[in-house]
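Beneath this line is the structure, given in structure tokens, with notes to follow.
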Amino acid sequence: MKQIPFAKFSLAVLFLCLFISNGHAQAINSADVDAFQVADQAGTRDAYQGYLDAFPTGVFSVVARERARPALLTDLLPRMTPDKPKRGKSARSELDQVWQEAWDRVKASDTEAGYLEYLSIRGPAYMVRPALRDAMSRYYELAEGNAASVPTGLACNVPNRDVKRLTNFSIERAYPDKAIAAGLQGTIDGFHIVASTGKVLGFLITHVTEPAFYVPVTNEAMNMSFSPARRNCLNVASLPKLTVSFTTSFSSSR
């Protein structure tokens, strides 16, 4: 019987081991991906923690660990969003202080989950949220960094998709009666901060030709809703752009 040279035999065994190992890894990754997609669809802290319990070092562990973090502001929430906001200078000062305390706590934590929680809370209409732009910018930066920890090329049940607008901007609601009566026209460019949950966290205006449209456009933009973008088998944050044009004869948004 012809003998196989030891070197060739060793090489064949090595390739066989690699083939088996690779097949096993693919099976693990498939279960990993499936489990995370279930958690991501639920979108709750308990669901992400359940994924981590099953795959503590899985391919989505960085993202899941971030999204499973305990809430930071639960104890402050009743004072941040009172059912019947009090009027007067002292009441405003008290509200400003509790929101500042919330911001200081979130900033010290410096986590995607913390900024998401802070930006998701809606205070009274007259409330000026501390460091709004800083919070939105830092949230997106951390969200992108955590999402980048997931390797590309995974087989997903749901394909990649861009952020999708579910409700359109209402020109009718945003065009102030006083502006119409005065014949004011203008264009506003801006972009939303849309969380991986699909929640609108903010709207930032980058260009405005008529200041009278600033507040009504921002308010109406915050009422819009989106389906989140999806990349590498997980929902991700996004920055969809919005341009609104007001004219006395024609108005548009895109």
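Numbers here simply count residues along the sequence, with the first being 1. Only a predicted model underlies this, so the values are computations on that prediction, with no experimental measurement involved.
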Does Phe191 have any ring-ring contact (aromatic ring centres under 6.0 Å, His included) partners at least two apart in sequence or in another chain, and if so, which? none

Name all residues meeting the side chain to side chain contact (heavy atoms under 4.5 Å, CB included) criterion together with Ala54; count only those two or more places apart in sequence or in a different chain, and write none if there are none. none

Residues two or more places apart in sequence or in another chain: which of them pass salt bridge (Lys or Arg N to Asp or Glu O under 4.0 Å) with Arg173? Glu220

Looking only at side-chain N and O atoms, does Tyr51 offer a donor or acceptor that is under 3.5 Å from a partner on Asp40? no

In Å, rounded to the nearest 0.5 Å, how long is the span from CD of Gln185 to CD1 of Ile180? 11.5 Å

Using the side-chain contact (heavy atoms from CB on, under 4.5 Å) rule, take Ser120 and Leu201 through it: C-alpha gap first, then chi angles, then the decisive distance, then the call. CA-CA 6 Å; Ser120 297; Leu201 301 181; 3.6 Å; yes

Listed by chain and number, what are the side-chain hydrogen bond (donor to acceptor under 3.5 Å, both in side chains) partners of Asp53, not counting sequence neighbours? Gln49

With sequence neighbours left out, what residues match Glu141 under side-chain hydrogen bond (donor to acceptor under 3.5 Å, both in side chains)? Arg138

So, Ser238 side chain and Val163 main chain: donor-acceptor pair closer than 3.5 Å or not? no

Residues Arg122 and Val200: closest non-hydrogen pair is NH2-O, 2.8 Å

Quick one: closest heavy-atom pair of Ala102 and Met80, and the distance? CB-CE, 3.6 Å

What's the shortest heavy-atom distance between Phe213 and Ala179, and which atoms? CE2-CB, 3.8 Å

Going by atom types only, do Asp189 and Thr243 share a side-chain donor-acceptor pair under 3.5 Å? yes

Side chains of Met136 and Leu204 in contact at under 4.5 Å (non-hydrogen atoms): yes

Check for a donor-acceptor pair, side chain of Arg65 on one end and backbone N or O of Phe60 on the other, with a separation under 3.5 Å. no

Quick one, Ser61 and Leu52 - any side-chain contact, counting heavy atoms below 4.5 Å? yes

Are Trp99 and Leu132 connected in the hydrophobic side-chain network, where two residues link if heavy atoms are under 4.5 Å apart? yes

Quick one: side chain to side chain contact (heavy atoms under 4.5 Å, CB included) partners of Ala182, sequence neighbours excluded? Leu184

Quick one: do Met222 and Phe246 end up in the same hydrophobic cluster if we chain Ile, Leu, Val, Met, Phe, Trp and Tyr together by side-chain heavy atoms under 4.5 Å apart? yes

Donor-acceptor check, side chain of His192 to backbone of Ala221, threshold 3.5 angstrom: yes or no? yes

Between Leu242 and Arg165, does the side-chain contact (heavy atoms from CB on, under 4.5 Å) criterion hold? Intermediate values first, please. CA-CA 11 Å; Leu242 177 70; Arg165 190 185 298 180; 3.7 Å; yes

In short, ring-ring contact (aromatic ring centres under 6.0 Å, His included) pairs touching residues 133-152 with sequence neighbours left out are none

Shortest non-hydrogen pair, Ile121 vs Leu77, comes out as CD1-CD1, 3.7 Å

Rounded to the nearest 0.5 Å, the CG atom of Asn223 sits from the OG1 atom of Thr167 at a distance of 8.0 Å

With a cut-off of 6.0 Å (strictly less than), are more than 12 heavy atoms of other residues, nucleotides or ligands near CD of Glu94? no

CG (Asn235) and CD (Gln37) are apart, to the nearest 0.5 Å, by 9.5 Å

Please determine whether residues Val106 and Val98 belong to a single hydrophobic cluster, defined as Ile, Leu, Val, Met, Phe, Trp and Tyr linked transitively by side-chain heavy-atom distances below 4.5 Å. yes

Lys164 side chain reached by Phe226 side chain, heavy atoms, under 4.5 Å: no

Going by side-chain hydrogen bond (donor to acceptor under 3.5 Å, both in side chains), name the residues that satisfy it together with Ser109, two or more places apart in sequence or in a different chain. Thr111

For Val33 versus Cys233, what's the shortest heavy-atom pair and its separation? CG1-SG, 4.0 Å

Between Ala68 and Tyr48, the two heavy atoms sitting closest are CB-CB, 4.0 Å

Looking at side-chain heavy atoms only, is the closest gap between Leu234 and Val150 below 4.5 Å? yes

Euclidean distance, Leu116 CG relative to Arg69 CZ, rounded to 0.5 Å: 12.5 Å

Listing request: all side-chain hydrogen bond (donor to acceptor under 3.5 Å, both in side chains) pairs with a residue in residues 71-81, at least two apart in sequence or in separate chains. Asp75-Arg105

Hey, can you pull the donor-acceptor pairs under 3.5 Å for the side chains in residues 154-161, sequence neighbours left out?
{"unit_1": "Asn160", "atom_1": "OD1", "unit_2": "Asn232", "atom_2": "N", "d": "3.2"}
{"unit_1": "Arg161", "atom_1": "NE", "unit_2": "Pro228", "atom_2": "O", "d": "3.0"}

Within-4.5 Å side-chain heavy-atom neighbours: Arg67 and Thr44: no

Sorted by chain and number, sequence neighbours left out, side-chain hydrogen bond (donor to acceptor under 3.5 Å, both in side chains) with Glu144 holds for Arg231

Checking side-chain polar atoms at under 3.5 Å, does Arg92 have a donor or acceptor matched by the opposite partner on Gln97? no

If a pair satisfies side-chain hydrogen bond (donor to acceptor under 3.5 Å, both in side chains) and one of its residues is in residues 145-156, list it, with sequence neighbours excluded. Glu112-Asn146

Separation of Phe36 CZ from Asp32 CG (nearest 0.5 Å): 9.5 Å

Can you find a side-chain donor-acceptor pair between Thr209 and Thr187 that sits under 3.5 Å? no

Any non-hydrogen side-chain atom of Ile193 less than 4.5 Å from a side-chain atom of Leu239? yes

Would you mind reporting whether Glu101 and Leu76 have side-chain heavy atoms less than 4.5 Å apart? yes

ILVMFWY cluster, Leu142 and Val62 together (side-chain gap under 4.5 Å): no

With a 6.0 Å cut-off (strictly less than), is the heavy-atom count around CG of Asp96, excluding the residue itself, greater than 12? yes

Any side-chain heavy atom of Ile205 sitting closer than 4.5 Å to one from Tyr214? yes

Classify the ring geometry between Trp103 and Tyr118 as parallel (under 30°), tilted (30 to 60°) or perpendicular (over 60°). tilted

